[in-house]
There are 2 protein chains.
Amino acid sequence: MRSSGQPTINDVARLAGVSKKTVSRVINDSPLLHAETRRRVETVIRELGYVPNPQARALALRRNFLIGLVHDNPNAQTVMNVQQGMLDGLRGTEFELVVRPIDRAAPTMLDDLRHVLERQRLFGVLLMPPISEDDAIARLCEALGCRYVRMGSALLDTPARMVASNDRVAVAEAAAHLLASGHRRIGFIGGPAGFRSAHERRAGFEAALAAAGLALGEAQVAAGDYSFAGGQAAAARLLDADPRPTAIFACNDEMAAGALHAARARGLAVPDDLSIIGFDDSAIAAHLWPPLTTVRWPSRTMAAAAARKLIEDEATVPTHFPSALIPRGSVAPPRC
Amino acid sequence: MRSSGQPTINDVARLAGVSKKTVSRVINDSPLLHAETRRRVETVIRELGYVPNPQARALALRRNFLIGLVHDNPNAQTVMNVQQGMLDGLRGTEFELVVRPIDRAAPTMLDDLRHVLERQRLFGVLLMPPISEDDAIARLCEALGCRYVRMGSALLDTPARMVASNDRVAVAEAAAHLLASGHRRIGFIGGPAGFRSAHERRAGFEAALAAAGLALGEAQVAAGDYSFAGGQAAAARLLDADPRPTAIFACNDEMAAGALHAARARGLAVPDDLSIIGFDDSAIAAHLWPPLTTVRWPSRTMAAAAARKLIEDEATVPTHFPSALIPRGSVAPPRC
DNA sequence: GCGGGCGTAGATACCGGTGTCATCGCTCAT
DNA sequence: ATGAGCGATGACACCGGTATCTACGCCCGC
């Protein structure tokens, strides 16, 4: 009578001589079970290699076990770190990770996202920056009954729905590092307007300058877009000024790499003629020449915490995760 | 009587005054439906915002709509490209992508993987290199009734279960590029033993040398491990030889980046004193200085094709995807 | 001796879909 | 007239789990 295919709860019940409900109790570690019965059922489960069907469970429990990662992040390494972190946080649970990159620029973005969330009925999603900063997306999740946690560089939501670094403090630290090396003319390559992280990082930079009695003049600031090419163009503008800056802080590593290229193209040696600091501690940071001094964003740890926040009710998971300066070889005292 | 929550097929049936089966026929585009009935049901579906429950569907159909990506690849950009490609291939279908990095080095790896495949009952998985080269994993998928497609640098399986580049040809082309520039002493940084891609790339390299009447001496070869540090160490060995090579081919970009560092550490200018070619066209390739000449592995296109192979029965999806040389700035004629 | 409480297990309905087969009203060839 | 064939629809069981409620045996106090 048994078909081929994987064994079901009915097969286990029949072979163990109990009802399906009893098998269900064994699976779910119900305390009201005779030890002997439990043992017998467990033996059959092992012999049959029975594994509960998650779809059936999801249907009966009216909830599923899919956690989504929604992102629109140009930085592959950061996304991978976050994925890895989420898997860390989900380890040992029955939740599975599904990934959904979206295109923030597409006009149909919100509809696409709604479509996915409705169709798949995800249990919850992690929103990565920059889309984590979009309140419309958070509201959409809420409206669809999908739990969410946002990952960001500052507290944008209630702590239960947020894991946050403190980019402001970390960037201030980086700027202080440059100031301590003797730099006074420091260029700043910002992130795209509307990105909270860009805002926070600039605020931290300005605060550090202010603490040293310096102001950030408009000529020292160039807008970037978190891309390599954008960093290159921004650095070109900064370096063509007279006097040119002796150091540059870029709001991410990609742009810092672009700044490095721009410096090279002008015959400037790094770090002797120009010091550079980036942000993210992405893979390229260590692989550039010279290795890039940067700020590490604790993406993996944060993502793991975010995943636990999604699946746990208790609010014992921390919300704040400090970023840290990683000194490498791209900073030296100014020559002149 | 209606609870809150999302509307179900029963709600639609009741409001449209038809049976659930008829609603099911509308959802599944059954041809045996009166146009008027279909219209009426569709109207109710739209008004209610009804979306079929994928878990219930999966249960009734005895198959689900989850496609997995299993990888153990150190290169984040490649993994992201593959993810993106799979989503390209899955677009417009009801399949969802789940991601599962595994640790090939862990002794429990096969058990972990078995656990995941059994629990989630994935419809199919895409195996990325290097684990795609592991026949034990492929056999495990087969034993668990999980379809799979392997992605690799040569045809390792039947075409229905494979998408392949032809690394041998592409590397021969890269080597020919160096030879055409006038190089005769060309070092080779290999990949880890046991990696098919490493084997293929070396074979292509040797073939190109042979075609030019050259042999690959053991002194010209250094073993690498596809990591930055490994490439650095291997290049160091090659560059300390006398006479040193005037060009180096590295089996991936990470190692090429390491070679670049090793050259810098010895005061050698790239490309004037040393030409370098990598493989992968990963993000760092374009961001290094000088921008790295490399071979593009068509990961996104291949992954899209692999995804379609997984979900389609017809064997109309192509299996071979040529790699292409991307000339940038790291190759020049030898000085001496 | 008997009702009540407790621990253990089963019967049954249900989650939200799909497959199978029966039904019903037509048209059309005989 | 009649029944075969066909298009459109519904009734019902089923997928593999879980929740709810009931049943049963047993010990207890009265």
Side-chain angles (χ1 to χ4, degrees), chain A residues 1-42 44-45 48-66 94 118-121 123 145, chain B residues 1-42 44-45 48-66 94 118-121 123 145:
Chain A
M1 197 95 278
R2 275 287 294 104
S3 72
S4 52
Q6 298 194 35
T8 74
I9 198 171
N10 291 304
D11 302 323
V12 177
R14 188 155 13 82
L15 263 73
V18 298
S19 71
K20 345 168 14 176
K21 184 63 213 183
T22 300
V23 179
S24 170
R25 290 198 177 96
V26 172
I27 300 171
N28 293 292
D29 279 326
S30 160
L32 343 115
L33 266 182
H34 201 79
E36 166 59 22
T37 313
R38 159 169 293 137
R39 222 190 35 66
R40 199 164 74 246
V41 172
E42 277 171 349
V44 176
I45 287 180
L48 244 43
Y50 165 71
V51 180
N53 180 324
Q55 272 77 36
R57 252 169 85 70
L59 181 58
L61 289 171
R62 251 151 270 132
R63 71 202 205 73
N64 71 13
F65 295 92
L66 261 26
E94 51 200 334
E118 270 180 345
R119 278 194 67 91
Q120 292 308 129
R121 314 201 175 187
F123 179 78
Chain B
M1 194 96 273
R2 274 287 293 107
S3 73
S4 53
Q6 299 194 34
T8 74
I9 198 170
N10 292 305
D11 302 323
V12 177
R14 188 157 11 83
L15 263 73
V18 297
S19 71
K20 10 183 332 194
K21 185 64 213 183
T22 298
V23 178
S24 170
R25 290 196 178 98
V26 172
I27 299 170
N28 293 290
D29 276 327
S30 160
L32 343 116
L33 266 181
H34 201 79
E36 166 58 23
T37 312
R38 158 167 297 135
R39 222 190 35 67
R40 198 165 72 246
V41 173
E42 277 171 348
V44 175
I45 288 181
L48 245 45
Y50 164 70
V51 180
N53 181 323
Q55 272 78 36
R57 252 167 85 70
L59 181 58
L61 290 172
R62 251 152 268 126
R63 73 203 204 68
N64 72 13
F65 296 92
L66 260 28
E94 51 201 332
E118 269 179 344
R119 278 194 67 91
Q120 291 308 128
R121 314 201 176 186
F123 179 77

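Just so you know, these numbers use all the heavy atoms, side chains as well, and skip hydrogens, waters and symmetry mates. Reminder, nothing fancy here: chain letters follow the sequence lines and each chain counts from 1.
With hydrogens and angles ignored, no donor-acceptor pair under 3.5 angstrom links the side chain of B:Lys21 to the base of D:dA11. Counting atom types as modelled, A:Lys20 pairs no side-chain N or O with a base atom of C:dG10 as donor and acceptor under 3.5 Å. In terms of polar N and O atoms assigned as donor or acceptor, the side chain of B:Arg62 never comes within less than 3.5 Å of the base of C:dG17 in a complementary pairing.
In this model, the phosphate group of C:dT18 is approached by a side-chain N or O of B:Arg57 to a distance below 4.0 Å at OP1 or OP2. Contact annotation: B:Ser24 side-chain N/O to C:dG17 OP1/OP2 distance is not under 4.0 Å. The shortest distance between the side-chain N/O atoms of A:Asn28 and the OP1/OP2 oxygens of D:dT18 is below 4.0 Å. For the OP1/OP2 pair of C:dT8 and a distance below 4.0 Å, the side-chain nitrogens and oxygens of A:Thr37 include no atom meeting the criterion. Distances shown here put a side-chain N or O of A:Thr22 below 4.0 Å from the OP1 or OP2 atom of C:dG10.
Under 3.5 Å, the side chains of A:Arg57 and A:Asn28 contain a donor-acceptor pair of N or O atoms.
When distances run from any side-chain atom of B:Ser19 to the nucleotides C:dG17, D:dA19, D:dA11, the shortest one goes to D:dA11. Comparing C:dT8, C:dG16, D:dG17 by their nearest atom to the side chain of B:Thr8 picks out C:dG16.
Both A:Gly17 and B:Asn53 sit near DNA chain C, but only A:Gly17 has its closest nucleotide nearer the 5' end.
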